[in-house]
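Presented below is the structure to which this report refers.
No hydrogens, no waters, no symmetry mates; every other heavy atom, side chains included, goes into these values. Counting starts at 1 for both ligands and their atoms, in listed order.
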Amino acid sequence: MAESAAIRVELGERSYEVAVGSGNMETAASLVHRLNPEARVAVVTDENVGELYGESLLAALDAAGHEAGMVMMDAGEESKSVHALAELWDSFAGMGLDRKGIVAALGGGVVGDAAGFAAGTYMRGVDYIQVPTTVLAQVDSSVGGKVAINIPAGKNMAGLFYQPKGVIADVLTLRTLPQREVKAGLAEVVKYGIIWDADFLGYLEENAEAILALEPEAAAKVVRRSVEIKAEVVGNDETEQGLRRILNFGHTLGHALENAAGYGTYLHGEAVAWGMAVAVRLSSELGMLAYEDAERITGLLSKLCGIPTPAGIDAGAIVEGTRRDKKAMAGRVNYVLAEGAGRVVVRNDIDEALVRKAVEGHVSRG
Ligand code: NAD
Ligand code: GLY
């Protein structure tokens, strides 16, 4: 498959490119080399991804003349912790990474968030690149510079806006990803269609089977269009003062579900798919979204991602949880609501009783 031009995230002196390809993972070594031919490199990864792709990235870095070492994290959300962060700093120091050193985050959103935060704080900030290997990381977390760890007070509560120097997304790496993770990541893809691009929603509907099978052409198209949309939004609002809030479509409710169900019950993308389904219902009940559009979006979510029906979770607890959202301002919860396929608006005046009714439509009492 021919490689297409990289997507530029336009942020002045912090601008960078996202290369989406098929079999291009090792070009991360040339990117590092262009950034600094002398750099020592820490490849941060987790046990699953390290085993699959770590050695070939190290070999490519070695061939490009770099001293490089692998820093292995445990797989899973627990690695976004203060403890794991301290271990990353120690590993960087132990391998002699200096201020000209480069961190390469090879893995999913957990590795990207933790390694990016570690890079942003080690020696007051060293350069890093993202080499995302999950659907979620390729279409969302590797682009835009949000890096964070979790603390007891909440998820992603300690973090930075710290942009990478480049992103290399190789869709072939997605073929080893468990199907549950693929479907969860596709929730963010459907999100881009709903918030920004009705034509893209149509493409997702028409090519659902090829996308779920991760056929290289379909996978590359989906990752590419998602990154283009995210790049445009982030390029206009890097630090989420306004427009970037639309990327939270389904997230306020999704985070509240993750919390109410207990972290780990649902994957992030599964909870977001559920949150989007509730937001669509709410938009429709508010008379903002035509019934046919609501049906169409919900159908696509079911097909590509699956919408969980949480059982035994009190709708009130979920609504209560939305008030603790980091993005709530002065006690008012921001809801991103759909006005049509490809068009959303942010509202902070939504009656909680209506939210509860929409939530109740998507939980089972059992
Ligand atoms: P993850 O990083 O935990 O990866 C999921 C699982 O897949 C892990 O077990 C991992 O080892 C494995 N894996 C990764 N790539 C693989 C591959 N190619 N083949 C086989 N196995 C592979 O999960 P995720 O969904 O990528 O990321 C979730 C995290 O991303 C959350 O912590 C969330 O808060 C964060 N996030 C951040 C942003 C942001 O803007 N920074 C946006 C969305 C989500
Ligand atoms: N994942 C939402 C954002 O990057 O703003």
Here the atoms of ligand 1 under 4.0 Å from any heavy atom belonging to Lys146 are 39 (C), 40 (O), 41 (N)

Polar contacts were defined as any N/O atom of the residue lying under 3.5 Å from an N/O atom of the ligand; does this apply to Asp140 and ligand 2? yes

So for Glu77 against ligand 1, with non-hydrogen atoms under 4.0 Å, the contacting part is side chain

Would Glu217 and Lys221 satisfy salt bridge (charged side-chain N to carboxylate O under 4.0 Å, His left out), going step by step from the backbone distance to the final call? CA-CA 6 Å; Glu217 204 138 321; Lys221 156 96 188 177; over 6 Å; no

One finds that the ligand 1 atoms under 4.0 Å from a non-hydrogen atom of Tyr53 are 18 (N)

Between Leu52 and ligand 1, which residue portion shows a heavy-atom distance shorter than 4.0 Å: side chain, backbone, both, or neither? side chain

Hey, looking at atom 28 (C) of ligand 1, which of Thr134, Leu136, Leu177, Val147 has the closest heavy atom? Leu136

Ranked by distance from atom 5 (O) of ligand 2, the top protein heavy atom is Arg244 NE, 2.7 Å

Have a look at ligand 1 and work out which part of Asn156, if any, has a heavy atom under 4.0 Å from it: side chain, backbone, both or neither. side chain

Which protein heavy atom lies closest to atom 24 (P) of ligand 1, and at what distance to 0.1 Å? Gly109 N, 3.5 Å

Which bit of Glu47 gets closer than 4.0 Å to ligand 1, counting heavy atoms only: side chain, backbone, both or neither? neither

Atom 43 (C) of ligand 1 - nearest protein heavy atom and its distance: Asp140 OD2, 3.5 Å

To atom 2 (O) of ligand 1, the nearest of Val49, Thr176, Val110, Asn48 on a heavy-atom basis is Val110

Within the structure, does Lys230 bring an N/O atom to less than 3.5 angstrom of an N/O atom in ligand 2? yes

Any nitrogen or oxygen of Asp46, side chain or backbone, less than 3.5 Å from one on ligand 1? yes

Please classify the Ala75 to ligand 1 contact at 4.0 Å (heavy-atom distances, strictly less than): side chain, backbone, both or neither. side chain

Tell me, do Glu232 and Glu10 make a side-chain contact under 4.5 Å, heavy atoms counted? no

Counting only heavy atoms from other residues, nucleotides and ligands, does the tally under 6.0 Å from CD of Glu215 exceed 12? yes

I want to know if ligand 1 touches Lys155 in the polar sense, i.e. an N/O pair below 3.5 angstrom. yes

